[in-house]
Each structure stands twice: as C-alpha cells, then as structure tokens.
Amino acid sequence: MKVLVIGGGGREHAIVRKLAESSRVDELLCAPGNGGIAADAKCFPEVKATDLDAVCALVKSEKPDFVVVAPDDPLAMGLVDRLEEMGVRAFGPHARAAEIEASKAFAKDFMRRHNIPTAEYETFGELEPALEYIRRKGAPIVIKADGLALGKGVVVAESVEDAEKAARDMLEGGAFGAAGRRIVVEECLTGPEVTALCFVDGTTVRPMPASRDHKRAYDNDEGPNTGGMGVVLPASGYTKETERWCIEHIFRPTLDGLREEGREFRGVLYGGLMLTPNGPKVIEFNARFGDPECETVLPLLETDIMDVFDACVDGTLGALDIKWKDEASCCVILASGGYPVNYKKGFEITGIGDVSGAEVYHCGTAVSDGKLVTNGGRVLAVVATAPSLPEAIEKSYAEAKKIHFEGVHMRGDIGGRR
Ligand code: AMP
Ligand code: GLY
C-alpha cells in the first residue's frame, strides 16, 4: 500500500515510523513533512497541510491508497470530507465531528447537553456581560478563546483583574484574531491532568494507554504554555478503574451524542482530563493525536497500525483486539531557546547519530546545505521506553543529552525528575 501522512511535526514522524513497521505498507509519503521525516518518507515541503487544494492535487497525482490527516487545522477545514468525495480512504474525523476541538463553545454546549462532566462555564461574544460574570464568579477563573489558537488561547487567571484583562484582550484587543471573537469563561478546576487518547470508529471506543503532558515551558510548571515539552506514560492516578469510569461517563456518551447529532466521529478522540477531587472532568476534547503524546504512545503499539486505521474508517473496531506493550515511555522535547515566545531557527543539529537507546522524532527540522538545522520552536522529541517509568525517564534524558544545537532548551523535570 501507498500511504500519505498529512502534517510535518514530531507527531507525524511517529505515525510515519509506525506505518513503516506495517507489513501492508510499502510506500510512504508525507506532506509537508520535515528535514528528519524525509529520511523515512518521501516529503512534499511545498504542500502545506492547510492548503486543501494543494493536498487534493497531490493526492490526484500521487494516488495514495490511504491518507492519514494528523493536524487539527486541515481536519477542521474538512480535508477528510474532500478526500472522501474524491473516493480516497482517509483517517480522521469529518469537519462536523472535528468541531468538538475547533470550537470550544460548541464543545462546552455539547458536554452540557449530554451530561458529560466538565467545568461550569458561560460563553460570551460581548465584553460587558463577560466582565459582569467574571466579577460575580471571582478568581481563580479561566478565560478561553473559542477557536483554534495552537493551545495558547487559554488564560488561567489568578485575579479578577487578570481575568478582565484577558477577556478584554480577546474580545476587543484582537488577541488570537478570529479565534478570540467569542470566549468561554469557566470554573478553575484543580487536580492532575491526563491525556486519554482513544481510537474510535463512530460507535466503539478503544483507549490507548493514558499519558501526561507537561505544557509549561520551564521546570516546576513555570513560564508560558507551550504545545507540550515532554510526556510520561503511564499517568499516575489514572487507574484501570478510572479508565473504565471515563469510558462509561465521558467517551461513550460523547461518541453517542456526536452520532445522534449527525457528527459521527472516526479517528482519534483526545480527552484532556483533569482528575479533580469530584472525579474526572473534561478540560478539552481534541480531534486528533496529541503532540508529543503521539510520539510517547505509539512506540508501545504492537498491533499493525494500518489494521487499526482501517478498522476506524470501516467501523469495525469492535472486532479488533489492539495490543500494547506493557511498558513505560518518556518523551523529552528539545526546543529552541526562547520557545514559545521568541526564538531563532537555522542552527546546526549534531549528535543524533550517537543516540542508541531512544527514538528521535523530528518536530521542527530542515536540511540546509546538506546539514540538519533547527526549523521550529519544538525541534526534536527523544522517546525511550522501559519496563518502569524511572528507567524510561533516565534513558530518555541520557540520550537527549547527546544532541546539541545552539540555545537548546529542555525541561529537566519531565515525570517529576530533578
Ligand atoms: P486547553 O488548551 O483547553 O487544554 O488549556 C490549556 C491548559 O490550561 C490546560 O492544560 C490546563 O492546564 C489549563 N486549563 C484549561 N482549562 C482549565 C480549567 N477549567 N481549570 C484549570 N485549568 C485549566
Ligand atoms: N500536547 C497537547 C496537544 O497536542 O494538544
């Protein structure tokens, strides 16, 4: 089979590497891909994931048998819908289903309609009622831009003043552009966070091992929110019993509700959960694999990933037994100094060849004058698996330290390591 993966980060690299293990896949393409993915798949750097016409033109000329749409934007824009209209099999939800991620207001109203546990909230398009609500509820309180904002459109405000400023910036200051024209103001929840990814085929839920992302840029969860600086698996506190509870009270009702509303969801449903003193609650749903959760989870998948993708598309997940290695996994992100605020690109990367005990996935790299260089905020994901989490953490750090580029930044405390 010839398979095309859409996207160009560490998540897509992990998907490409997993597809390369499939006995059914003999040709791999990736658009746009990146400098590192190019070693594992034929890349098309000029085809941007959000340029749906360009992607469809590529599909016409390359004729892949299957397309995996990994990032949020093309899913929300309806790439899977377009590919299906062309008669091409594609993994990922339709635009109407992907709205569970693309609109926080839709997601919150949906959860309220279907009794899915989440933080209390109200939605606002006008400033005055938002300010009135914030003053009435008090701090801490959470302000979120409605649309996709690369995981950065959320302000957890410790004071009423900060909350008012965030609401003002989004609704009147144009922060986050169109994504912030409506905002959700919600109750601040407390407790450990968990990423619960599930393969779903419209009706059946098959959970992947749950993991824990580290979203803040610096150690001790300080600094700005990022796309994710590292992940550990398993996620402490998320027992088998919690998983069963979440499937019954969160994932199954979500799938059923979406189907009833004509938004049948096939692909990966990402539950960003908080394990509060009152039980697990949904912080957000995403319509895709997380990044870098994907890099952390997929190395443990034993079943042929192509069989899993097929079952999701065909609605036959119920008949598939998905097998996972019973191991721990740790991902450490090597980022450009200054990420996520200000950073430079183009520094040469050395030492990847010395890494032996971990996978190195490329998040933001390019090849320039025959050299591998940095080309993004998050540059590389170093992932080690081991029988226990402390071993996986030690191994991933030992391997990550072999890699160098100017200004390299990684958190030193992924998984609580000091
Ligand atoms: P999101 O983009 O919705 O995942 O939010 C980014 C981060 O903000 C989450 O990972 C949480 O750490 C935090 N957050 C979002 N919503 C809440 C909430 N209701 N209470 C506390 N923290 C929150
Ligand atoms: N790592 C968080 C996300 O992919 O949304």
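Note that ligands are numbered from 1 as they come in the structure, with each ligand's atoms numbered from 1 the same way. Treat the numbers as computed from the prediction; the structure is a model and nothing was measured.
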Between the side chains of Thr118 and Lys108, is a donor N or O closer than 3.5 angstrom to an acceptor N or O?
->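 Looking only at side-chain atoms, Lys108 and Thr118 do form a donor-acceptor pair, the distance falling under 3.5 Å.
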
His13-Asp40 side chain donor-acceptor pair, cut-off 3.5 Å =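 Judged by distance alone, the side chains do pair up.
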
How does [X] reach ligand 2, by side chain, by backbone, by both or by neither, if only non-hydrogen atoms under 4.0 Å count?
X	answer
Arg288	side chain
Asn286	side chain
Tyr270	side chain

Contact check, Gly228 vs ligand 2, heavy-atom distance below 4.0 Å |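 Contact absent.
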
For atom 10 (O) of ligand 1, the option (of Lys281, His214, Lys144, Glu193) bearing the nearest heavy atom =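 Heavy atom nearest to atom 10 (O) of ligand 1 belongs to Glu193.
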
Run down the list Asp291, Thr296, Thr195, Asp72 and name the one with the heavy atom closest to atom 4 (O) of ligand 2.
->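 Shortest heavy-atom distance from atom 4 (O) of ligand 2: Asp291.
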
Are there over 12 heavy-atom neighbours, none belonging to [X], within less than 6.0 Å of that residue's [atom1]?
X	atom1	result
Lys165	NZ	no
Glu126	CD	no
Glu241	CD	no

Identify, by atom number and element, the atoms of ligand 1 in contact range of Glu186, meaning under 4.0 Å from any of its heavy atoms.
->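 This gives 16 (N), 17 (C), 18 (C), 19 (N) as the contact atoms.
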
Mark up the atoms of ligand 1 that fall under 4.0 Å of a heavy atom belonging to Lys104, in ascending order.
->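 Result: 2 (O), 3 (O).
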
Hey, could you give me each pair passing ring pair (Phe, Tyr, Trp, His ring centres under 6.0 Å) that has a residue in residues 209-246? Not counting sequence neighbours.
->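 Every pair satisfying ring pair (Phe, Tyr, Trp, His ring centres under 6.0 Å) with a residue in residues 209-246: Tyr218-His409, Trp245-His249.
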
Have a look at ligand 1 and work out which part of Lys215, if any, has a heavy atom under 4.0 Å from it: side chain, backbone, both or neither.
->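 The side chain, only.
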
Distance-only, no hydrogens or angles: does the Asn34 side chain make a donor-acceptor pair with backbone N or O of His362 under 3.5 Å?
->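 It does hold such a pair.
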
Please confirm whether Lys215 comes within less than 3.5 Å of ligand 2 when only nitrogen or oxygen atoms on both sides are compared.
->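 There is no such contact.
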
Judging by distance only, is a nitrogen or oxygen of Phe289 under 3.5 angstrom from one on ligand 2?
->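 No, there is no polar N/O contact under 3.5 Å.
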
Nearest 0.5 Å, what's the CZ-CG distance between Phe91 and Leu75?
->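 Between atom CZ of Phe91 and atom CG of Leu75 there are 9.5 Å.
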
Atoms in ligand 2 with a heavy atom of Asp213 nearer than 4.0 Å |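 With Asp213 as reference, the close atoms of ligand 2 come out as 1 (N), 2 (C).
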
Does any N/O atom on Cys188 come nearer than 3.5 Å to any N/O atom on ligand 1?
->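 No - when backbone and side-chain N and O of Cys188 are compared with those of ligand 1, no distance drops under 3.5 Å.
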
Asn225, any N or O under 3.5 Å of ligand 1 N or O |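 Such a contact does not occur with ligand 1.
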
Please list all pairs passing the salt bridge (charged side-chain N to carboxylate O under 4.0 Å, His left out) test where one or both residues lie in residues 198-215, with sequence neighbours left out.
->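 Only Lys215-Glu284 qualify under salt bridge (charged side-chain N to carboxylate O under 4.0 Å, His left out).
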
